[in-house]
**Q** 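I have a structure here, written as structure tokens, and I will follow up with some questions on it.
All figures in this text were calculated on a predicted structure; none of them were measured in a lab. Computation of the quantities below employed the complete heavy-atom set of this structure, encompassing side-chain atoms and omitting hydrogens, waters and symmetry-equivalent molecules.
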Amino acid sequence: MGKRRRVAERRTNRPAVLGAMTAVVAVGAGLGAYLLYDGGAAADARTATTAGHRAVKTGPLTASEIRTASTRFLTAWQQGKAADAAAATDDTAAAQALLTGYTKDAHIKDVTVTAKPAAGAKVPFSVRATVSYQGHSKPLAYGSSLTVVRRASDGRPLVDWHASVVHPELKDGDTLVTGESGTPPVKALDRHGGELTAAKYPSLGTVLDGLREKYGKKAGGKAGVELRVVRGKASKAAKLSDKTLVELSKGTPGTVQTTLSPVYQAAAEQQVAKQDRSSVVVVRPSTGEILAVANHGHGFNVGFQGSLAPGSTMKIVTSTMLFEKGLVTPEAEHPCPKTYKLAGWTFHNDADSEIKHGSFKLSFGASCNNAFIDFAPKLSNSDLTKEAQQVYGLGMNNWSIGVPSFDGSVPVQSGAQMGASLIGQGGVRMNPLNMASVSATVASGVFHQPYLVSPDVDHRTLAKAARTMSAKTQSQLKEVMRYTAAYGTAAKPMAGLGPDSGAKTGSAEVDGQKKPNGWFTAYRGDLAAAGVVQAGGHGGDTAGPMVAALLKMGG
């Protein structure tokens with residue numbers, strides 16, 4: 001999308017062994033002396049006796065303050081003193097609850113913490129420990145970090161508390177638990193019966209977690225004993241699944257077959273590996289089967305669960321609405337002005353381009369923003385929302401693909417925000433699964449809810465659209481998407497894919513981000529795919545080659 005308006009320190013001798021933060025945080029007399037004479041009990045006492053006679057200390061933290069605060073926390077944690085460790089943070093209650101559970105609920109013992117050199121106020125460290133439960137024991141090793149901040153009320157340096165300090169897989173509100181797993185493990189199979197593993201397909205870690213959570217008890221397996229992350233309310237609201245960290249004893253897995261294609265999954269993994277923060281999804285338009293999902297550089301399944309402005313790829317849905325309402329046809333002359341004013345906002349095209357005497361198809365192919373926004377006065381605030389819901393099945397929060405997913409969102413908006421929604425900005429949010437489904441709906445003429453596990457497995461009901469676009473509307477959409485693939489902004493990546501293909505590019509601006517997110521969605525025959533490269537730039541240059549490479553593999 002084009003531009004839019006946006007809204008004096010006392011020094012004492014220190015024990016040499018702990019003069020730097022690279023040593024193991026040891027438990028012993030040396031460390032006790034270090035804490036006492038370098039910011040521990042004595043320093044606290046000095047602060048208390050002088051607090052009423054001088055201003056609260058402000059300004060950047062010193063290296064000594066960072067070292068002292070982090071050492072105090074890490075030492076108490078290592079010693080199993082949850083209350084003392086929590087007192088060294090800026091959220092005593094939350095810290096004490098999680099650190100107490102670290103020992104009592106997660107059954108983690110023999111903790112050794114090794115601090116590494118600080119980078120500013122951030123102190124990385126490694127943890128080695130043992131997880132023991134009912135005769136089963138396994139080593140635990142991982143890295144994490146903490147950040148020291150100055151408390152505003154008294155200037156005291158404290159650890160900025162977040163659950164991720166204890167383990168990087170934890171979100172605030174999550175807990176660690178060791179015991180019989182809540183759900184048995186599953187053996188996930190591809191569409192041809194081959195086993196799917198995160199080792200073979202790195203993007204599938206979150207997908208396998210989701211499959212286990214949903215089908216573990218239904219697939220006939222037996223639970224083992226494990227250390228796992230149990231998600232809290234916020235994480236569950238974000239549709240994050242519980243995660244196994246250490247398996248102390250193996251359970252007996254049940255078997256779940258998916259729709260994933262080993263050929264497309266492997267190819268998708270290769271494509272996203274070429275670009276950081278990239279995601280791609282491939283679906284079959286005639287059925288809704290998901291053939292591949294891959295992500296790189298996220299630590300999160302953006303392909304299924306991302307919530308990002310889709311930019312100009314949303315113009316497919318907007319065009320569907322315009323065609324159905326009879327407001328325009330592909331060949332109708334429709335200028336695209338350099339700027340367009342709506343409700344106090346001035347909208348610009350990319351590079352301030354304009355099309356004075358072109359057709360609507362030309363504006364679609366060139367992704368000229370104002371050729372779409374200038375329809376806003378002829379539309380009701382809810383028109384785009386209804387189109388997305390009723391024809392494309394988006395934004396209804398009722399998709400059931402087999403693992404957690406986000407179904408897109410097209411909220412009712414007014415004024416300039418409604419105009420921005422027409423070009424995939426404003427409050428519109430999508431992910432590659434949603435946009436692959438949009439192209440799939442154009443290709444087949446009917447919305448088929450995407451799914452990863454067949455509904456025959458658990459007899460769940462798939463979402464349906466309220467109505468189907470007319471054959472005329474489908475023909476018009478294919479015309480403008482074919483034109484874009486052959487002559488427009490998608491021509492370079494789509495070269496050689498033939499007349500049975502269509503595409504749409506997109507660039508979505510993100511506040512505070514130098515480059516826009518690059519989007520691309522397309523279909524070819526009975527294949528549809530969509531991808532995004534965050535902060536990558538124009539979709540035709542970034543996500544386009546990734547998506548086109550998968551479509552070129554054929555049916």
Side-chain angles (χ1 to χ4, degrees), residues 1 4 6-7 171-173 203 205-207 209-210 231-241 272 276-281 283 290 293-318 384-385 387-389 392-413 417-418 420-439 449-450 452 463 504 506-513 515-521 529-536 539 542-543 547:
M1 173 186 159
R4 61 182 176 86
R6 311 179 186 280
V7 204
K171 308 294 183 185
D172 289 344
S203 294
T206 56
V207 172
D209 290 339
R231 300 299 182 186
K233 289 183 179 180
S235 294
K236 288 180 179 178
K239 297 187 177 181
L240 295 180
S241 302
V272 298
D276 192 31
R277 301 185 71 195
S278 59
S279 302
V280 69
V281 172
V283 302
I290 298 170
V293 53
N295 304 278
H296 182 261
H298 296 294
F300 176 69
N301 191 352
V302 173
F304 285 173
Q305 295 176 272
S307 176
L308 305 168
S312 293
T313 56
M314 188 65 184
K315 291 173 183 174
I316 300 171
V317 180
T318 302
L384 187 65
T385 302
E387 194 72 29
Q389 292 177 343
Y392 289 95
L394 295 165
M396 301 289 287
N397 197 31
N398 62 351
W399 289 17
S400 181
I401 74 170
V403 294
S405 67
F406 172 65
D407 305 353
S409 177
V410 188
V412 175
Q413 295 185 297
Q417 290 287 357
M418 188 270 274
S421 295
L422 299 176
I423 57 172
Q425 296 271 184
V428 178
R429 295 293 181 266
M430 298 288 163
N431 55 47
L433 175 65
N434 306 144
M435 296 316 301
S437 179
V438 167
S439 282
Q449 186 223 282
L452 186 73
K504 184 71 192 77
S507 299
E509 292 181 354
V510 178
D511 289 341
Q513 196 170 282
K515 290 185 177 181
N517 292 341
W519 284 83
F520 197 94
T521 184
V532 61
V533 178
Q534 294 184 56
T542 55
V547 170

**Q** Nearest 0.5 angstrom please: L308 CG to W519 CH2, how far?
**A**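 Taking CG in L308 and CH2 in W519, the distance rounds to 5.5 Å.
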
**Q** Whether the side chain of Q413 engages the backbone of G426 through a donor-acceptor N/O pair (distance < 3.5 Å, no angle test) should be reported.
**A**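 No, because the side chain of Q413 does not come within donor-acceptor range (under 3.5 Å) of the backbone of G426.
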
**Q** Contact between Q449 and I401 at the side-chain level, heavy atoms closer than 4.5 Å - yes or no?
**A** yes

**Q** Evaluate the side chain to side chain contact (heavy atoms under 4.5 Å, CB included) criterion for residues V410 and M314: first the C-alpha distance (whole Å), next the side-chain angles of each, then the deciding distance (0.1 Å), finally the verdict.
**A** CA-CA 10 Å; V410 188; M314 188 65 184; 3.8 Å; yes

**Q** Any side-chain heavy atom of V438 within less than 4.5 Å of one from M430?
**A** no

**Q** Answer yes or no: is there a side-chain heavy-atom contact under 4.5 Å between V280 and V547?
**A**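 Touching, per the 4.5 Å side-chain cut-off.
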
**Q** If you measure from CG on N295 to CZ on R277, what distance do you get to the nearest 0.5 Å?
**A** 12.0 Å

**Q** Check whether any side-chain heavy atom of S409 lies under 4.5 Å from a side-chain heavy atom of F406, and answer yes or no.
**A** yes

**Q** Hey, is the main chain of A530 close enough, under 3.5 Å, to the side chain of T521 for a donor-acceptor pair?
**A**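 Answer holds: no.
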
**Q** Starting at CE of M435, measure out to NZ of K504 and round the result to the nearest 0.5 Å.
**A**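 Going from the CE atom of M435 to the NZ atom of K504 covers 9.5 Å.
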
**Q** Do any N or O atoms from the side chain of D407 and from the backbone of G395 form a donor-acceptor pair under 3.5 angstrom?
**A** no

**Q** Once you round to the nearest 0.5 Å, how far does CE of M396 lie from CD of Q389?
**A**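 The CE atom of M396 sits 5.0 Å away from the CD atom of Q389.
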
**Q** Using side-chain heavy atoms (C-beta onward) and a distance below 4.5 Å, is S279 in contact with N431?
**A** no

**Q** Determine whether more than 12 heavy atoms belonging to other residues, nucleotides or ligands lie under 6.0 Å from atom NZ of K239.
**A** yes

**Q** Starting from the C-alpha separation in whole Å, work towards a yes-or-no answer on side chain to side chain contact (heavy atoms under 4.5 Å, CB included) for I423 and K315.
**A** CA-CA 6 Å; I423 57 172; K315 291 173 183 174; 3.5 Å; yes

**Q** Within this structure, what is the CG-CG distance for the pair L422 and L384, rounded to the nearest 0.5 Å?
**A** 6.0 Å

**Q** In Å, rounded to the nearest 0.5 Å, how long is the span from CG of N434 to CZ of F304?
**A**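 The CG atom of N434 sits 10.5 Å away from the CZ atom of F304.
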
**Q** Mind listing the closest non-hydrogen atom pair of Q417 and G427 along with its distance?
**A**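 The answer is OE1-N, 4.3 Å.
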
